[in-house]
2 protein chains.
Amino acid sequence: MKIGELAARTGVSIRSLRYYERQGLITPLRQANGYREYSLLSVETVETIKLYLNLGLSTEEIAGFLNCVLKKKEAFCAEVMPLYRSKLEDIERQLLQLNQIKQNLEERIASIQQEQQESE
Amino acid sequence: MKIGELAARTGVSIRSLRYYERQGLITPLRQANGYREYSLLSVETVETIKLYLNLGLSTEEIAGFLNCVLKKKEAFCAEVMPLYRSKLEDIERQLLQLNQIKQNLEERIASIQQEQQESE
DNA sequence: ATAAACCCTAACACCAGTGTCAGGGTCAAG
DNA sequence: CTTGACCCTGACACTGGTGTTAGGGTTTAT
């Protein structure tokens, strides 16, 4: 299938599909006229890429283990676990920070409201 | 005082001070030789900017109310509250999303570990 | 008078993925 | 043969704050 069809099937833009290719995530064959030719497997590959992107991994990180997980079970790709763990740590750091900001904002909102009431 | 001294006093890099100026957050006088000349008030202004940046506001957003809060109490600057509220909503959206990702990661880690154990 | 320590502006780089445009092929149906 | 719907590459833009460098002026102390 050509790129437009793959885009339609996966919901990923043509632009992004070409970007994934440049990042080494997917390598379609080429027709004689230069058009990219994707197999049905490509659909699965792109879905897999989407899944990992949604986990907050970068295309570069995904490139490091995609070939492996496409062939074997995720559990047996040595690269995956440490990446998951460090990503989880990142997430937790971000959660802490966001919660801190949230608390500050809430306190600030509360104190503004109090000040306004006192002046009435 | 010159820019280096203000940077030392506030812990904000010279680069950032010049950036804040370009964003309209602070407007130092100029000496005859072109050097920026900051007053003591500038220290307070920069501390205020830091505070708002830490709340997750952008320099552009800060520019919208900085003059007001420097003159009056925060409670009486009409621009502040809606901004705080919408920023809080942003934060909450991000928290939801991060928690979702975190949960996915944790589930995935758990299932990988289970699969590995089963194969032993 | 020279070196060290300041200051100035302008501009590129970064992160990461996507949009968009320019300029140009290919192909099928009418 | 033309129109429209595809496809191709390459390149700039954007986000937002900061680092860094290049190229050059000023001031202060020795």
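What you are looking at is a predicted structure, and each value in this text was computed from that prediction instead of being measured. Here is the naming used below: chain letters follow the sequence lines, and residue numbers restart at 1 for every chain.
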Heavy-atom pair with the smallest gap, counting every atom of Thr45(B) and Leu25(B): CG2-O, 4.1 Å
Let me check something: any side-chain donor-acceptor pairs from residues 97-107 of chain B under 3.5 Å, sequence neighbours excluded? List them with distances.
{"unit_1": "Asn99(B)", "atom_1": "ND2", "unit_2": "Leu95(B)", "atom_2": "O", "d": "3.1"}
{"unit_1": "Gln103(B)", "atom_1": "NE2", "unit_2": "Glu107(B)", "atom_2": "OE2", "d": "3.4"}

Distance (rounded to the nearest 0.5 Å) between Gln117(A) CD and Glu115(A) CD: 11.0 Å
OG1 (Thr10(A)) and CD (Glu44(A)) are apart, to the nearest 0.5 Å, by 13.0 Å
Of all pairs that satisfy salt bridge (charged side-chain N to carboxylate O under 4.0 Å, His left out), the ones with a partner from residues 51-71 of chain A, not counting sequence neighbours: Glu61(A)-Lys87(A)
Tell me, which of residues 84-95 of chain A have any heavy atom that sits under 4.0 Å from an atom in DNA chain D? none
Spacing of CZ belonging to Arg108(A) relative to CE belonging to Met81(B), to within rounding of 0.5 Å: 12.0 Å
DNA chain D: 5'-most and 3'-most nucleotides touching chain B, 4.0 angstrom heavy-atom criterion: dG16(D) to dT27(D)
Go through the structure and list residues passing salt bridge (charged side-chain N to carboxylate O under 4.0 Å, His left out) with Lys2(A), not counting sequence neighbours. none
Any link between Phe76(A) and Ile109(B) through a network of hydrophobic side chains (Ile, Leu, Val, Met, Phe, Trp, Tyr) touching at under 4.5 Å? no
DNA chain C contacts among residues 7-18 of chain A, heavy-atom distance under 4.0 Å: Ser13(A), Arg15(A), Ser16(A)
Enter the distance from Phe65(B):CZ to Leu70(B):CG here, rounded to the nearest 0.5 Å. 9.5 Å
Output every pair passing salt bridge (charged side-chain N to carboxylate O under 4.0 Å, His left out) with a member in residues 20-29 of chain A, not counting sequence neighbours, ordered by first then second residue. Glu21(A)-Arg30(A), Glu21(A)-Arg36(A)
Is Leu40(B) reachable from Leu17(B) through a run of hydrophobic residues whose side-chain heavy atoms are each under 4.5 Å from the next? yes
Would you give the length of the straight line joining atom OG1 of Thr48(B) to atom CG of Leu53(B), rounded to the nearest 0.5 angstrom? 11.0 Å
Which residues, if any, of residues 29-39 of chain B bring a heavy atom under 4.0 Å of DNA chain C? Arg30(B), Gly34(B), Tyr35(B), Arg36(B)
Would a 4.5 Å heavy-atom cut-off, applied to side chains only, mark Glu47(B) and Leu51(B) as touching? no
Parallel under 30°, tilted from 30 to 60°, perpendicular over 60°: which one fits the rings of Tyr52(B) and Tyr84(B)? tilted
Sub-4.5 Å side-chain heavy-atom contact between Gln23(B) and Leu66(B): no
Note: contacts of residues 19-27 of chain B with DNA chain D (heavy atom, under 4.0 Å) are Tyr19(B), Tyr20(B)
Can you give me the closest heavy-atom contact between Ser13(B) and Ala7(B), atom names plus distance? C-CB, 4.4 Å
Asn67(A) side, atom CG; Ile62(A) side, atom CD1 - distance, nearest 0.5 Å: 12.5 Å
Going by the disulfide bond (SG atoms under 2.5 Å apart) test, which pairs reach into residues 8-69 of chain B, not counting sequence neighbours? Cys68(B)-Cys77(B)
Under 4.0 Å between a Lys/Arg side-chain N and an Asp/Glu carboxylate O for Arg85(A) and Glu89(A)? no
Same cluster or not: are Leu41(B) and Ile3(B) linked, directly or through other Ile, Leu, Val, Met, Phe, Trp or Tyr residues, by side-chain heavy atoms under 4.5 angstrom apart? no
Near DNA chain D, under 4.0 Å by heavy atom, which residues of residues 46-59 of chain B? Ser58(B), Thr59(B)
The bend of the helix from dA1(C)-dT30(D) to dG30(C)-dC1(D), taken between the axes of its five terminal pairs at each end and rounded to 10°, is 40°
